[in-house]
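Working notes, beginning with the structure itself.
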Amino acid sequence: RKWFNNNFSKIQLQIDIIENSIMGSISEKCKKIKIVLTDVDGVLTDGGMYYTKEGDIMKRFHTRDGMGVTLLRKRNIPTIVITKEKTPMVKNWSSKMKIKKLYDGIIKKESMIEIICKKFQINSEEMAYIGDDINDLELLKKVGLSASPNDGVELIKKECDYICKKNGGEGVFREVADLIINHQKR
């Protein structure tokens, strides 16, 4: 029993050291963020597409994500949406939330980095990106802070700096916004 307690304490100490190292790294990354990029389907929404009998598609956005956009904007951190889809509801949501820029219909999302860096006079280390699926992978690899919803695909989660506690459509954007804001306050 004594041996177990002694070794358990050593293991817990090692876990604490690793967690502090990871959180320290995330904290440093968060402090550099000047712009937040996000995917839509599977991040801002649950990834489901709801069809009416007329064939119209509907998507559900979480109210807290909108507040996350507002909180970042109040701190002069704009939000950019990059999505493969081109839908009126994403344009409407982006307009209502005062998204700085919507890039829709983008197949190779990583191709937007150079454009965004030039337009906003930043470098890629000053960007955060939230993505959940394979078409987000290359962009996630090139930004300063990468994040995935808890239900993102495994390949994506392995590449990300931060895995959200929330699933897509449940306030993932707000969780990342709060993470950035809280670390920038320190």
Side-chain angles (χ1 to χ4, degrees), residues 29-30 32-50 56-149 151-153 155-157 159-162 164 166 168-177 179-181:
K29 289 176 181 238
C30 287
K32 295 178 184 177
I33 300 304
K34 293 183 179 177
I35 198 160
V36 178
L37 317 175
T38 185
D39 182 27
V40 176
D41 294 322
V43 175
L44 296 173
T45 74
D46 63 8
M49 294 187 187
Y50 308 93
D56 296 324
I57 301 173
M58 297 184 298
K59 297 177 189 240
R60 178 185 162 275
F61 293 84
H62 203 291
T63 307
R64 288 189 194 122
D65 288 335
M67 181 54 73
V69 172
T70 300
L71 293 171
L72 287 170
R73 186 175 55 251
K74 286 181 177 181
R75 286 164 179 77
N76 296 315
I77 301 173
T79 299
I80 293 178
V81 171
I82 303 176
T83 180
K84 183 180 77 165
E85 303 296 322
K86 276 190 142 208
T87 62
M89 69 213 84
V90 172
K91 285 183 176 148
N92 291 341
W93 185 86
S94 296
S95 176
K96 183 178 179 182
M97 295 301 118
K98 299 179 183 165
I99 296 295
K100 189 69 172 182
K101 183 74 176 151
L102 165 63
Y103 293 103
D104 55 353
I106 306 299
I107 304 299
K108 290 190 172 233
K109 295 178 182 184
E110 67 275 12
S111 69
M112 301 309 300
I113 286 188
E114 190 175 329
I115 293 164
I116 294 167
C117 285
K118 283 182 184 175
K119 183 175 176 84
F120 293 92
Q121 299 179 343
I122 61 171
N123 65 55
S124 62
E125 287 183 6
E126 296 169 314
M127 291 182 200
Y129 181 60
I130 312 165
D132 70 306
D133 212 336
I134 192 73
N135 62 330
D136 300 309
L137 182 61
E138 294 306 314
L139 181 50
L140 287 164
K141 287 180 179 179
K142 295 179 180 185
V143 296
L145 176 68
S146 56
S148 171
D151 63 345
V153 300
L155 176 64
I156 296 303
K157 293 195 303 188
E159 291 293 328
C160 285
D161 299 308
Y162 182 77
C164 295
K166 305 270 187 206
E170 296 178 356
V172 166
F173 187 89
R174 174 65 181 271
E175 184 177 334
V176 174
L179 181 77
I180 292 167
I181 291 165

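Here the structure is a predicted model, which means the values were calculated and not measured. Heavy atoms only: backbone and side chains are in, while hydrogens, waters and symmetry mates are out.
In M89, the CE atom is crowded: over 12 heavy atoms of neighbouring residues, nucleotides or ligands sit closer than 6.0 Å. Heavy-atom contacts from other residues, nucleotides or ligands closer than 6.0 Å to NZ of K141 number more than 12. Other residues, nucleotides and ligands place no more than 12 heavy atoms under 6.0 Å from the NZ atom of K100. More than 12 heavy atoms of other shown residues, nucleotides or ligands fall within 6.0 angstrom of atom NZ in K157.
Here T83 contributes atom OG1 and I106 contributes atom CD1; the two are 9.0 Å apart, rounded to the nearest 0.5 Å. To the nearest 0.5 Å, the span separating CG on D39 from CG on N135 amounts to 6.0 Å. Interatomic distance, F173 CZ to L71 CG, rounded to the nearest 0.5 Å: 9.5 Å. Residue S94 holds its OG atom at 5.0 Å from CD1 of I99, rounded to the nearest 0.5 Å. Atoms CE and CD1, from M112 and I82 in turn, are 6.0 Å apart once rounded to the nearest 0.5 Å.
Here the shortest heavy-atom pairing between D161 and G144 reads OD2-O, 3.7 Å. Counting all heavy atoms, side chain and backbone alike, V153 lies closest to I134 at CG2-N, 4.3 Å. Scanning both residues, C160 and S146, for their nearest heavy atoms gives CA-OG, 3.3 Å.
Side chain of D65 to main chain of R174: a donor-acceptor pair is present (N/O by atom type, distance under 3.5 Å, no hydrogens or angles). One N or O on the side chain of S124 and one on the backbone of K142 form a donor-acceptor pair closer than 3.5 Å. Listed for the E126 side chain is a donor-acceptor partner under 3.5 Å among the backbone atoms of N123.
Partners of D46 by side chain to side chain contact (heavy atoms under 4.5 Å, CB included), not counting sequence neighbours, listed by chain and number: Y50. Partners of K108 by side chain to side chain contact (heavy atoms under 4.5 Å, CB included), not counting sequence neighbours, listed by chain and number: E110, S111.
Judged by the 6.0 Å and 45° rule, K59 forms no cation-pi pair with F61.
I156 places a side-chain heavy atom less than 4.5 Å from the side chain of L137.
For residues 71-92, the set of pairs meeting the salt bridge (charged side-chain N to carboxylate O under 4.0 Å, His left out) definition, not counting sequence neighbours, comprises K91-D104.
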Original post:
Step by step, would you call I180 with V36 a side-chain contact (heavy atoms from CB on, under 4.5 Å)?
Top reply: CA-CA 9 Å; I180 292 167; V36 178; 3.7 Å; yes

